[in-house]
Participant: 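Handing you this structure, nothing more for now.
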Amino acid sequence: MADQNNLTAAELPNLQDTAADAAAANDSKNEMPTTYDPKSAETKWYSYWTEGGYFRAGGRPDAKAYSIVIPPPNVTGMLHIGHALDFTLQDILIRTKRMQGFDTLWLPGTDHAGIATQTKVEQKLREQGISRHDLGREKFLEQVWEWKDKYANTIHEQWAKMGLSLDYSRERFTLDEGLSKAVREVFVKLYNKGLIYRGKRIINWDPAARTALSDIEVEYKEVNGHLYHLRYPLKDGSGFITVATTRPETMLGDTAVAVHPEDDRYKDLIGKTLILPIIGREIPIIADDYVDKEFGSGAVKITPAHDPNDFEMGQRHNLPQINVMDESGTMNEEAGPYQGQDRSVCRKAITADLKEQGVLINIEDHVHQVGHSERSGAVVEPYLSTQWFVKMQPLAEAAINAQKDGNGVNFVPDRFERTYLNWIENVRDWCISRQLWWGHRIPAWYSESTGELVVANDEEEARRISGLTDLKQDEDVLDTWFSSNLWPFATLGWPDENSADFKRYYPNDVLVTGYDIIYFWVARMIFSALEFTGEKPFSDVLMHGLVRDSEGQKMSKSLGNGVDPLEVIEKYGADAMRYMISTGSTAGQDLRFRWEKVEQARNFANKIWNASRFALMNLEGVSFENIDISCELSTADRWILHRLNETSREITRLIDSYEFGETGRQLYNFIWDDLCDWYIEFAKLSLYGSDAAAKAKTQSVLAYVLDRTMRLIHPFMPFISEEIWQHLPHEGETITLAAWPEYDAALENPQAVAEMNLLMDVIRAVRNIRAEVNVPMSKKVELIIKAGNEETLSIITRNDNYIGRFCNTSSFEAGLNPETPDKVMSAVVTGAELLLPLSGLIDIEQEIARLEKEVMTLNGEVERVEKKLSNQGFVAKAPAKVIEEERAKQADYSAKREKVLARIAELRG
RNA sequence: AGGACGGUAGCUCAGCGGGAGAGCACUAUCUUGACAGGGUAGGGGUCAUGGGUUCGAACCCCAUCCGUCCUACCA
């Protein structure tokens with residue numbers, strides 16, 4: 001039916017070469033194909049941007065600075081779709097701010113990712129039958145550096161494919177010279193302040209990676225285990241005490257049994273001695289409040305070297321600590337007959353022996369949480385060893401106070417502030433030493449003869465301050481997060497506080513990251529920044545969710561459900577991926593990845609492409625200087641300028657408040673509905689008409705609107721917007737540096753909106769009627785319009801060309817009260833009544849039935865509004881504006897209803 | 001055990017105090033010169049359940065049920 005709906009141009013004009021095309025060389029084709037091909041545009045423009053140095057910060061010394069540092073991806077491997085989300089959001093912010101005139105810095109970098117990377121490289125070596133110990137520290141590290149270089153390159157390529165506007169001249173790595181210096185400085189300062197200490201503690205030990213882990217590197221999983229009930233005999237032969245344990249092999253290290261001091265069952269036994277089965281060691285019965293009388297037998301075996309709670313109790317009661325395992329989880333000489341067995345083998349063996357000796361009473365099924373290493377997956381062993389710790393309390397307190405005094409960071413969405421506070425308020429000391437090679441080696445030295453400890457920035461300094469010559473550096477390295485902690489300021493030159501970048505770009509404006517690393521990273525950056533720079537590291541933290549698979553499952557290697565961003569880009573283009581991923585969810589909320597969504601985004605890109613093709617076909621001879629939108633314009637022209645202006649204002653506001661989902665919707669609606677479906681169709685009238693002046697005006701508006709529209713979508717879809725913008729009449733080298741469309745009060749035009757709304761109503765209504773009686777749009781019909789008042793009439797007659805064209809009317813009559821024939825179909829819009837004499841096509845009874853249905857609908861509306869208005873409470877309490885709106889609706893609906901009723905009467909009459 | 005988030009059209013999700021929305025899917029229609037990766041017109045929802053607050057609740061409060069995820073765990 002809509003065969004006359006789209007007015008079309010005669011032929012494709014030849015497009016002129018643009019300067020950019022010449023600069024980008026290899027694209028010699030001038031015509032724009034009917035579908036957008038992302039590939040050529042993407043490589044072409046990315047190198048154009050980087051060669052032009054457009055991403056480099058510092059070029060606008062008088063402007064306000066705006067800075068973001070990238071959350072450094074691990075050099076462990078390739079970037080996944082979650083990175084794409086994180087980076088796209090940052091790129092959107094940076095590109096927007098850059099266009100708004102800020103001196104923007106987006107600093108790239110990568111993280112050495114201690115355990116993760118070392119594990120990968122060790123794995124690779126193991127396949128060749130080599131262990132890291134075969135190579136030795138130095139040779140091994142050479143291998144890791146090679147690995148790092150390889151993956152850093154891959155990451156660079158991926159960044160480029162995604163179109164990220166990073167300032168590569170300032171790229172950093174967590175193990176580079178500057179960061180290492182900052183790490184040492186921080187370590188020494190904290191040590192000298194007494195905030196770093198070395199101590200023997202129960203830590204989380206990863207027996208596979210043979211290193212300590214921090215609390216948050218442990219993942220608890222529910223495991224179907226057993227509860228073993230054991231009977232320990234009293235030394236005096238007067239009986240037994242029953243204890244329960246989930247880990248019978250640890251009994252070898254038991255140094256006491258504890259009961260609650262007020263437990264009547266055991267009161268008399270406190271202070272007596274038990275004989276530990278198998279080992280035969282004498283151990284005391286002690287009393288401690290920690291014991292829960294209700295659980296199990298009410299008596300607990302105490303293994304200070306293999307359980308954190310037992311460790312603390314052991315300290316309270318001066319119990320010996322007997323470590324029965326070595327660092328690989330193998331039983332040691334303290335385990336007596338079990339020496340040399342793996343802990344899991346030992347469990348089985350000891351269970352059998354205990355059973356045989358009558359010690360084991362029974363085994364119950366028991367579901368409990370067991371800690372696993374986040375990296376290696378091994379069951380974590382609570383293990384007694386000497387490690388380095390950061391004393392958290394003073395640092396945490398300062399961070400809490402800052403947050404509560406209003407000097408905190410602004411979390412988006414704000415609920416994450418509570419997550420953060422909750423953690424930092426309950427934080428425990430942070431174990432920072434790792435028994436690895438890949439990382440920042442701890443700046444501590446020991447005298448080989450006396451064991452004396454010296455902490456210093458380097459060995460020379462250590463010698464100088466201690467006067468010792470036989471120094472040997474600590475073998476361990478620091479937790480990866482110890483360095484990523486300093487990322488927001490160490491990347492900018494700190495500890496040199498006079499560094500230009502530090503002064504200019506610190507604190508950062510926003511940190512964009514996933515909610516899953518609030519504890520690992522966000523919280524630690526905050527307290528570190530406060531401690532060392534005296535300022536918060538960034539003003540805002542934007543937390544996004546996780547990208548999940550189409551079923552809502554977490555993406556993981558083991559499930560094989562991960563999505564490679566490069567594959568998405570290959571299939572649908574970087575812009576489609578960026579648009580889908582950035583507008584597809586709200587802050588803090590997870591996002592399900594579905595290919596259909598990417599396809600939809602690709603279709604949107606294609607729609608933009610084709611709208612631009614249309615424009616370019618009709619902008620021949622228009623130059624940037626000739627664009628003039630200040631003259632007398634048509635309704636549609638004024639309307640689209642109003643809508644563009646309104647949209648610009650909204651987009652700016654929404655980006656500033658990080659509402660990317662809503663931004664996407666507004667852009668989509670504006671471009672697809674307003675610009676393509678309505679404005680372009682309206683514009684065809686003057687573009688194809690004979691009125692040269694009118695055509696020139698519309699060309700101006702079209703060029704102007706498209707230019708600004710490209711700028712608005714540029715942060716989201718950088719490639720296609722640049723490609724199109726370069727073809728359009730434009731000024732400047734790149735859209736990357738084009739000015740952001742600012743709201744302009746002069747373009748406000750409520751009158752054009754009202755006029756356009758009426759015209760759209762009329763056109764839709766006529767289309768409806770024609771669809772109703774199957775009159776194809778190719779067949780011309782007569783249209784009579786009864787306008788409600790002079791103003792409406794004038795709008796209609798002023799725009800009769802549009803109505804005539806879109807409704808395909810052969811004769812068109814409009815008046816306040818024109819003569820109407822009998823056999824008509826009709827529709828009512830606000831302010832006017834439409835009449836289509838379609839004699840021969842209409843069944844009068846059917847038409848009456850249709851109109852009666854319309855009356856029913858209107859009745860419902862009127863009833864609802866009247867009920868509301870007759871409610872005393874509503875009239876008394878609702879805001880005046882709401883009441884006014886309801887009154888207007890009431891008037892509108894009843895007027896419409898009356899007209900429809902009158903029509904029915906006429907048809908009957 | 002505590003906490004957070006989610007339950008809206010067949011699907012994926014937005015809206016978060018004033019007439020239930022989008023995209024996809026579906027139906028009908030158009031071999032239209034920007035675009036079939038398109039146009040036009042449609043069908044489809046007691047907004048998880050039960051209370052409460054309010055003139056007015058998908059939206060605020062309480063309770064319940066169902067999902068997802070964190071945090072802490074008793075041997």
Side-chain angles (χ1 to χ4, degrees), chain A residues 1-12 32 34-36 216 220 227-228 243-247 250 258 290-292 294-303 307 309-310 366 368-369 413 415-416 418-419 422-423 426 515-516 518-519 545-546 548 550 552-554 572 583-586 588-592 594 596-597 599-618 661-662 664-665 668-669 676-677 680-681 684 764 767-768 770-772 774 776-778 860-861 864-865 868 871-879 881-883 885-886 889 893:
Chain A
M1 87 180 225
D3 50 354
Q4 295 263 337
N5 227 18
N6 292 355
L7 313 176
T8 49
E11 60 190 82
L12 289 163
M32 295 171 80
T34 56
T35 49
Y36 170 59
I216 48 181
Y220 286 89
L227 196 55
Y228 302 78
V243 294
T245 181
T246 52
R247 308 180 55 213
T250 62
Y290 167 79
V291 180
D292 179 358
E294 309 302 320
F295 190 89
S297 63
V300 195
K301 61 190 266 313
I302 304 300
T303 324
D307 182 281
N309 294 313
D310 292 7
H366 182 69
H368 60 143
Q369 304 281 333
R415 68 182 132 93
F416 288 111
R418 262 186 300 160
T419 312
N422 188 45
W423 182 75
N426 297 297
Y515 61 71
D516 52 332
I518 294 179
Y519 305 145
L546 272 37
R548 297 173 173 278
S550 59
Q553 276 194 299
K554 210 167 170 172
Y572 292 99
T583 66
S585 89
T586 27
Q589 221 61 45
D590 290 350
L591 168 88
R592 286 194 196 193
R594 298 182 142 251
E596 303 91 272
K597 292 188 194 173
E599 193 178 321
Q600 189 184 315
R602 190 269 321 262
N603 292 352
F604 180 42
N606 199 46
K607 186 74 177 178
I608 294 169
W609 179 254
N610 278 300
S612 308
R613 272 181 71 228
F614 165 81
L616 289 162
M617 288 171 185
N618 293 287
E662 188 57 25
R665 236 160 283 124
Y668 193 95
N669 291 340
C676 294
D677 288 351
I680 286 184
E681 296 309 324
K684 285 173 182 173
R764 273 191 285 246
R767 278 175 183 165
N768 253 319
R770 300 183 71 134
E772 195 79 33
N774 282 320
M777 277 305 284
S778 53
E861 299 290 346
R864 192 183 51 74
V865 177
K868 216 169 186 178
N871 180 335
Q872 288 307 306
F874 176 77
V875 182
K877 295 186 178 177
K881 195 184 148 217
V882 175
I883 298 174
E885 277 168 15
E886 293 298 320
K889 282 179 208 164
Y893 289 135

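Per chain, numbering begins at 1; letters A, B, ... match sequence-line order. Note that this is a predicted model, so its numbers are computed, not measured. Reckoned from all heavy atoms, side chains included, excluding hydrogens, waters and symmetry mates.
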Participant: Give the rounded distance in Å between these two atoms: CG of A:Asn606 and P of B:A36.
Facilitator: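 The answer, rounded to whole Å, is 8 Å.
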
Participant: Regarding A:Tyr515 and A:Asp590, is there a side-chain donor-to-acceptor distance under 3.5 Å anywhere?
Facilitator: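 Yes - a donor-acceptor pair under 3.5 Å links their side chains.
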
Participant: I want to verify a distance call: between B:A75, B:A14, B:G18, whose nearest atom is closest to the A:Lys868 side chain?
Facilitator: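 From the listed options, B:G18 comes nearest.
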
Participant: Between A:Lys889 (NZ) and B:G18 (C1'), how many Å, whole number?
Facilitator: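 One finds 7 Å between C1' of B:G18 and NZ of A:Lys889, rounded.
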
Participant: Using the P atom as the reference point in each nucleotide, state the distance between B:A22 and B:A9 in Å, no decimals.
Facilitator: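 Pairwise P distance, B:A22 against B:A9, rounds to 13 Å.
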
Participant: Without decimals, in angstroms, what is the distance between A:Lys881 NZ and B:G17 C1'?
Facilitator: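 Between C1' of B:G17 and NZ of A:Lys881: 13 Å.
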
Participant: Return the value, rounded to whole Å, for the distance between atom CZ of A:Arg864 and atom C1' of B:A57.
Facilitator: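 From A:Arg864 CZ to B:A57 C1': 15 Å.
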
Participant: So what's B:A41 paired with, Watson-Crick or G-U wobble, going by both distances under 3.5 Å?
Facilitator: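 By the stated definition (distances under 3.5 Å), B:U27 pairs with B:A41.
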
Participant: Paired with B:A4 by Watson-Crick or G-U wobble geometry, both distances under 3.5 Å: which nucleotide is it?
Facilitator: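 The base-pairing partner of B:A4, which may sit in any strand shown, is B:U68.
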
Participant: With both distances under 3.5 angstrom, what nucleotide forms a Watson-Crick or G-U wobble pair with B:A14?
Facilitator: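 When the pairing criteria are applied, nothing turns out to pair with B:A14, so the answer is none.
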
Participant: For A:Asp307, give me all partners under side-chain hydrogen bond (donor to acceptor under 3.5 Å, both in side chains), at least two apart in sequence or on another chain.
Facilitator: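 A:Asp307: no side-chain hydrogen bond (donor to acceptor under 3.5 Å, both in side chains) contacts found.
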
Participant: Given that both distances must come in under 3.5 Å, which nucleotide forms a Watson-Crick or G-U wobble pair with B:C47?
Facilitator: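 B:C47 is paired with nothing.
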
Participant: Starting at the 5' end of nucleotides 2-7 of chain B, put B wherever the base has a protein heavy atom under 4.0 Å, S where only the sugar-phosphate does, and a dash everywhere else.
Facilitator: --SSS-

Participant: For A:Glu599 and B:A36, give me the distance from atom CD to atom P, rounded to whole Å.
Facilitator: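 Rounding to the nearest Å, CD of A:Glu599 and P of B:A36 are 14 Å apart.
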
Participant: Below 3.5 Å between N/O atoms, which protein atoms pair up with nucleotides 53-55 of chain B? Just atom names and distances, please.
Facilitator:
unit_1	atom_1	unit_2	atom_2	d
B:C55	OP1	A:Lys877	NZ	2.0
B:C55	O2'	A:Asn871	ND2	2.6

Participant: What is the separation between atom CG on A:Asn603 and atom P on B:C35, rounded to the nearest whole Å?
Facilitator: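 One finds 15 Å between P of B:C35 and CG of A:Asn603, rounded.
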
Participant: To the nearest Å, give me how far apart CZ (A:Arg770) and C1' (B:U40) are.
Facilitator: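 A:Arg770 atom CZ is separated from B:U40 atom C1' by 12 Å.
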
Participant: Name the residue closer to the 5' end of RNA chain B, choosing between A:Gly584 and A:Ala611 according to the nucleotide with the nearest heavy atom.
Facilitator: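 In this pair, the answer is A:Gly584.
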
Participant: Not counting sequence neighbours, which residues clear side-chain hydrogen bond (donor to acceptor under 3.5 Å, both in side chains) with A:Tyr228? List them please.
Facilitator: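 Checked A:Tyr228 against side-chain hydrogen bond (donor to acceptor under 3.5 Å, both in side chains); zero matches.
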
Participant: What does B:G56 pair with, Watson-Crick or G-U, if both distances are under 3.5 Å?
Facilitator: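 By the stated definition (distances under 3.5 Å), nothing pairs with B:G56.
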
Participant: Considering only B:A75, B:G15, B:C35, which nucleotide approaches the side chain of A:Glu681 most closely?
Facilitator: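 Selected nucleotide (nearest to the side chain): B:C35.
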
Participant: Please determine if a side-chain N or O atom of A:Arg592 lies less than 4.0 Å away from the OP1 or OP2 oxygen of B:U12.
Facilitator: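 It does, given that an N or O in the side chain of A:Arg592 lies less than 4.0 Å from OP1 or OP2 of B:U12.
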
Participant: Checking A:Lys889 now: which residues fulfil side-chain hydrogen bond (donor to acceptor under 3.5 Å, both in side chains) with it, not counting sequence neighbours?
Facilitator: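 So A:Lys889 forms a side-chain hydrogen bond (donor to acceptor under 3.5 Å, both in side chains) with A:Glu886.
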
Participant: So, OP1 or OP2 of B:G39: does either fall under 4.0 Å of a side-chain N or O from A:Lys607?
Facilitator: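 It does, given that an N or O in the side chain of A:Lys607 lies less than 4.0 Å from OP1 or OP2 of B:G39.
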
Participant: Look at all strands and tell whether A:Arg665 reaches a base, only sugar-phosphate, or nothing, counting heavy atoms closer than 4.0 Å.
Facilitator: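 Contact class for A:Arg665: sugar-phosphate only.
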
Participant: Can you tell me how far the CG atom of A:Asp516 sits from the NZ atom of A:Lys554, to the nearest 0.5 Å?
Facilitator: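 Rounded to the nearest 0.5 Å, the CG-NZ separation comes to 6.5 Å.
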
Participant: Suppose we screen for side-chain hydrogen bond (donor to acceptor under 3.5 Å, both in side chains). Which residues come up paired with A:Thr250, at least two apart in sequence or across chains?
Facilitator: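 Listed in chain order: A:Lys301.
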
Participant: Specify the separation, in whole Å, of atom CD1 of A:Ile883 and atom P of B:G56.
Facilitator: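 The distance from CD1 of A:Ile883 to P of B:G56 comes to 14 Å, rounded to the nearest Å.
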
Participant: Let me spell it out: for each of A:Asp590 and A:Asn669, pick the nucleotide of RNA chain B with the closest heavy atom. Which residue's pick is nearer the 5' end?
Facilitator: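 Its nearest nucleotide being more 5', the pick is A:Asp590.
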
Participant: Can you identify which nucleotide, out of B:C69, B:G23, B:C11, has its nearest atom closest to the A:Tyr668 side chain?
Facilitator: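 Of all the options, the side chain of A:Tyr668 is nearest to B:G23.
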
Participant: Between A:Leu591 and A:Lys597, is a side-chain contact (heavy atoms from CB on, under 4.5 Å) present by the stated rule, with each step listed?
Facilitator: CA-CA 11 Å; A:Leu591 168 88; A:Lys597 292 188 194 173; 4.2 Å; yes

Participant: OP1, OP2 of B:C74 versus side-chain N and O of A:Thr246: anything below 4.0 Å?
Facilitator: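 So the side chain of A:Thr246 is outside the cut-off, no N or O lying under 4.0 Å from OP1 or OP2 of B:C74.
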
Participant: What is the base-pairing partner of B:U32, counting Watson-Crick and G-U wobble geometry with both distances under 3.5 Å?
Facilitator: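 Checking every strand shown, B:U32 finds no partner, since no pair has both distances under 3.5 Å.
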
